[in-house]
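Remarks on the structure that follows.
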There are 2 protein chains.
Amino acid sequence: MLKEERLRTILNEVELHNRILLTDIAETLEVSIDTVRRDVKELDANKKLKKVHGGAVALGFITNNTRNTNIYALDEKIKIAEKALTLIKNGAVIFIDGGTTCLELARLISMDSELTCFTISLPVAVELSSKPNIKVIFIGGQISKDAHIAIGANTIHNLSEIKVDYSFIGTGYVDSQYGLTEFDWDIVQLKKAVIKAAKKTVLLCISEKLNSQHRYKTCDLKEINTMITELNADNSLLKSFKSHDVILL
Amino acid sequence: MLKEERLRTILNEVELHNRILLTDIAETLEVSIDTVRRDVKELDANKKLKKVHGGAVALGFITNNTRNTNIYALDEKIKIAEKALTLIKNGAVIFIDGGTTCLELARLISMDSELTCFTISLPVAVELSSKPNIKVIFIGGQISKDAHIAIGANTIHNLSEIKVDYSFIGTGYVDSQYGLTEFDWDIVQLKKAVIKAAKKTVLLCISEKLNSQHRYKTCDLKEINTMITELNADNSLLKSFKSHDVILL
DNA sequence: ACATGTTTTGCAGTTTTATGCAATATTATT
DNA sequence: AATAATATTGCATAAAACTGCAAAACATGT
């Protein structure tokens, strides 16, 4: 049996069962345990699986554990969040919006950084509150069942009384002509308040949402100071945004 | 079974039930208690959960009282919460405090019940927001790192503008003579506001806290309409509360 | 076909890791 | 204070991982 076949077989087994024992593989492939060990080591080095004591497990087996939902385009969102993170200086006062991309940003903030973070998002607040040096202020309100954020008049009123250095927000839809739009009227009111409460607004937006629009308008593009999206976003999509300050990965 | 699988199983159990007993895990996984202990220790070191005497609790499942990291008391807390649940009628407007006992109450509320719930506790809000028919209103404020509740002047101000049917609260210490007391002055101010915001206040309190007191006073016992504690609480402890309206299990 | 160098494989000895057990210490509970 | 439950520690054993080495398999150039 060729080595390549063995590697393929091992990987298949791991992906099928999420885990394998080296002894089992050695037996079924009729090679020595040392050979299997070397193979698995190689696969591990190539990030195909994770080698553990006594066997190997599929990559997704270890990670993703604390994440309860499967997030669409997670990799892209993490990259965007990483870029956004570079804007945050120690000691800053920021606002972090709801949505999965913003949640990734909250996740990425290091334990050591000292920040004051306002948020309306329950998951973001939970994530941040475990970081000892982050002062977390939750803007209260009724919690929406779908987005898990505080909404309503009281939330908007509270937002009107603060001014943060940076506001990191998401949007439902964004288009060079129509600006930022949403499906939900209440969300629009909220986002308007968020933008008003910020010296600078940073839009975190996967390319999927570029050049799409909906019924209710949050703001024009010119009110957004920085937009972060993927580099691989279709150039034709991006050129219409070029007149504005767009950071790409 | 691979060690990796065990770690994952333990983590899953913790996240599912918020708490586990080492003895239970050892039995289900068919390994020695020492092994489980080592595993949990490792998970704790990796910040995946928090190890406590006799077991482990999920992160985010935080007590507001360091004295009380004992997971055995949880059974009692659940019983107390179950009793408290009987007071909640459909359509009611209630407030639920922070702390593990109140969190248990939030967990027990059924998916079908229609309620309006105010809270200052992040874990309670997270728990309730998954229930479709509960209107959850989070009273905003700065999130305290230890208790994971909103505190501060804004929180207290917001509380001053609401009136709920029932307020379910916990306390650090309770004594027939000194009433409800706390270790923390800010918490006292908050609890005063909570009591003021309620038509009726229900104290959820494990017997461990009976006849203990601390520096700062929240209120007299007579301001509490109902106190719920365990039946097995020492009778001598309870008789001094008899002049008040005390519900026992 | 042959020699040479490289890669792969299995083996033996050694080191590391995982696990359970027992003795002791610490922590809850009464 | 006494008792029970849980933690910690050191140790023994077994399994697994690592290391160096030599034989086998393979590739390559002549």
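Reminder, nothing fancy here: chain letters follow the sequence lines and each chain counts from 1. These numbers come from a predicted model, not from an experiment.
In this structure, NZ of A/Lys51 is placed 8 Å from C1' of D/dA16, rounded to the nearest angstrom. Protein atom CG of A/Leu2 is 13 Å distant from nucleotide atom C1' of C/dT7, rounded to whole Å. Rounded to whole angstrom, the span from the NZ atom of A/Lys3 across to the C1' atom of C/dG10 amounts to 15 Å. Between A/Glu30 atom CD and C/dG10 atom C1' there is a gap of 15 Å when expressed in whole angstrom units. Atom CZ in B/Arg37 sits roughly 12 Å away from atom C1' in D/dT9 (whole-Å rounding). Going from atom CG of A/Asp39 over to atom C1' of C/dT8 covers 10 Å, rounded to whole Å. Summarising the geometry, the separation between NZ on A/Lys41 and P on C/dT16 is reported as 14 Å, rounded to the nearest angstrom. B/Met1 places its CE atom 16 Å from the P atom of C/dA18, with the value rounded to the nearest Å.
Residue B/Leu43 holds its CG atom at 12.0 Å from CZ of B/Arg8, rounded to the nearest 0.5 Å.
With C/dT19, C/dA22, D/dC18 as the choices, the nucleotide that has an atom nearest any side-chain atom of A/Asp34 turns out to be D/dC18. Closest contact between the side chain of A/His53 and the listed nucleotides C/dT27, D/dA17, D/dG20 involves D/dA17. Ranking C/dT19, C/dT9, C/dC21 by closeness to the B/Arg6 side chain, first place goes to C/dT19. Of the candidate nucleotides C/dT9, D/dT8, D/dC18, C/dT9 has the atom nearest to the side chain of A/Arg38.
Taking a cutoff of 4.0 Å between a charged side-chain nitrogen and a carboxylate oxygen, B/Glu42 and B/Arg6 do not qualify as a salt bridge. A salt bridge links A/Glu104 with A/Arg107: the distance from a Lys NZ or Arg NE/NH1/NH2 to an Asp or Glu carboxylate oxygen falls below 4.0 Å.
Residue contacts for A/Ile33: at a heavy-atom cut-off of 4.0 Å it reaches no nucleic acid atom on any strand shown.
Across B/Lys217 and B/Tyr178, no two heavy atoms sit closer than the pair CE-O, 3.5 Å.
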